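All remarks here apply to the structure that follows.
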Protein chains: 4
Amino acid sequence: MAGINKVILVGNLGKDPEVRHLEGGSSVAHFTLATNDYYKDKSGTRVERTEWHNITAWRGLAEMAEKYLKKGQQIYVEGKLRTRQYQDKDGQTRYITEIVADEISMLGGRPHTEGQANGQSTEQPVEAQTFRQEPEIDQLPF
Amino acid sequence: MAGINKVILVGNLGKDPEVRHLEGGSSVAHFTLATNDYYKDKSGTRVERTEWHNITAWRGLAEMAEKYLKKGQQIYVEGKLRTRQYQDKDGQTRYITEIVADEISMLGGRPHTEGQANGQSTEQPVEAQTFRQEPEIDQLPF
Amino acid sequence: MAGINKVILVGNLGKDPEVRHLEGGSSVAHFTLATNDYYKDKSGTRVERTEWHNITAWRGLAEMAEKYLKKGQQIYVEGKLRTRQYQDKDGQTRYITEIVADEISMLGGRPHTEGQANGQSTEQPVEAQTFRQEPEIDQLPF
Amino acid sequence: MAGINKVILVGNLGKDPEVRHLEGGSSVAHFTLATNDYYKDKSGTRVERTEWHNITAWRGLAEMAEKYLKKGQQIYVEGKLRTRQYQDKDGQTRYITEIVADEISMLGGRPHTEGQANGQSTEQPVEAQTFRQEPEIDQLPF
DNA sequence: TTTT
DNA sequence: TTTT
């Protein structure tokens, strides 16, 4: 039975993406994304709740992340949930749930800083864009 | 900054929901949902990949789950991601990511088996329905 | 500014898809999809409301629709909204809003009827599958 | 059969919302939302395509729209598709497809201008927020 | 642990 | 025009 496994997030990057360039020429990027929620508690006080998500982006999306995404930026992410097993340092099996991105879009028309060779940094408004990664078999190098 | 944290799943229940009736009169249900994916590997062989999701449903949705949802049934779930911390038996901090359901819809018009007191089981077609839980502050009794 | 334009539907086909094979070798399918909604009116009576959607599928999805989709079948459709202008028979400009499908998934494991040359019809369970159409420039032959 | 009818948009308001306060104390807001798409045509030229959507918001969301939403602002809208019939000035039956909003979130932390009694306008950063309208029976006053 |  |  075919299923649907879809995640839609709008949030802010917790840090710059970490990008690894793999041997076969492929790339993978990791970053965290915060989605904030507000609600009123019983006393009527406004409370903020932040949820942190682990985002993984492959190939073209990893390269896009490396070039354009910075800590704090607000983005739209569409992807699928994947829970991976790994062994921690004590040899115990642990699980981590990630969102594997299929589409990333930069929101808010926020200017982004492009690093300059001379150490200067000029604010260059980068027109917000949507990037899409066509589905392929994900390599799992970790 | 307000964010969006939305999950949309179509899959099959891995087991009957476990429902707990809390002291304040509230209820919470837990179950797992499998979403299946198919892809062709390099040799062209069709491979199935199953992703398992932990679903939590509160209040009215928990009661709906208790009444209508059974192992194997195909459903639509809409909700939000939440990662919880807990201490494992060795006192170590661990994390689990769940989908807290906002809406559940039964798909496929699949007949559902209602347990009978006399041990017999009659197939009773249950009209597929959508159930929605209005947002409230989630209690976290575990 | 990049935007998001996404539609997610689960409903039943109102009729068999109409498929046109275009000169360049491409195909386009049209069909209607009903999504049903239930609510209680002021007197507490349960009322059903049906919304009808115009679905357009291109290329591989059109061929999938031609092969596998039949009137009455329950499917998941993901796509984008597009409003087209056309001239009615009186030369007036009219508008129609369609959902251009990016992904279609058959739900419910419902057996589908394959027409047979001898006029007989055998129920053949078709394994539910998800089909995806990679984004390209849509041709607009009508 | 229960269905799913869901639309997710990120785009910019084409004009300030038009809000009507109805006799029963309810309100309804209308505005248009542009979602922009970019693609490369056959010659490799980057082409922009804008899709316009008719958004309708009821009750609390209408009041939120009246207070906070302005032409040009980037927002997230979640809602459902609804196609309405009406008679045009020539007595002909026409159809219009709208998105009835269930949730609206302001994106980008963009400051918004609050009209001032003295005719001055001060830029007041409004913390982006998500507003939700609980489902009720929609009144249809037009 | 589901489904086809 | 669908489905339950």
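Letters go in sequence order (proteins before strands), and every chain restarts at 1. This is a predicted model, so every value here is computed, not measured. These values consider heavy atoms only, across backbone and side chains, with no hydrogens, waters or symmetry-generated copies.
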Problem set entry | A:Ile4 CD1 to E:dT3 P, straight-line distance once rounded to whole Å | 18 Å
For this session: For C:Glu48 and F:dT2, give me the distance from atom CD to atom P, rounded to whole Å.
Result: 11 Å
Exercise. Roughly, in whole Å, what's the span from CG in B:Leu33 to P in E:dT2?
Worked result: 13 Å
Exercise. Quick one: C:Lys71 NZ to F:dT3 C1', roughly how many Å, whole number?
Worked result: 12 Å
Problem set entry | C:Glu51 and D:Lys80 ion-paired at < 4.0 Å | no
Exercise. Can B:Trp52 be said to stack with the base of E:dT2, given centres closer than 5.5 angstrom and planes under 30 degrees apart?
Worked result: no
For this session: Between F:dT1, F:dT2, F:dT3, spot the one nearest the side chain of C:Lys15, thanks.
Result: F:dT1
Problem set entry | Distance in angstrom units between B:Gln73 CD and E:dT3 P, rounded | 11 Å
For this session: State whether B:Tyr38 and B:Arg46 meet the cation-pi test: NZ (Lys) or CZ (Arg) under 6.0 Å from the six-membered ring centroid, and within 45° of the perpendicular axis.
Result: yes
For this session: Send over the distance from C:Tyr76 OH to F:dT2 P, rounded to a whole Å.
Result: 25 Å
For this session: Send over the distance from D:Tyr95 OH to F:dT1 P, rounded to a whole Å.
Result: 12 Å
For this session: Using the test side-chain contact (heavy atoms from CB on, under 4.5 Å), find all partners of B:Thr50 that sit at least two apart in sequence or belong to another chain.
Result: B:Ala34, B:Asn36, B:Glu48, B:Trp52
Exercise. Are any side-chain N or O atoms of B:Asp37 and backbone N or O atoms of B:Arg49, one a donor and one an acceptor, separated by less than 3.5 Å?
Worked result: no
Problem set entry | Atom-to-atom span, CD1 of B:Ile75 to P of E:dT3 - whole angstrom | 13 Å
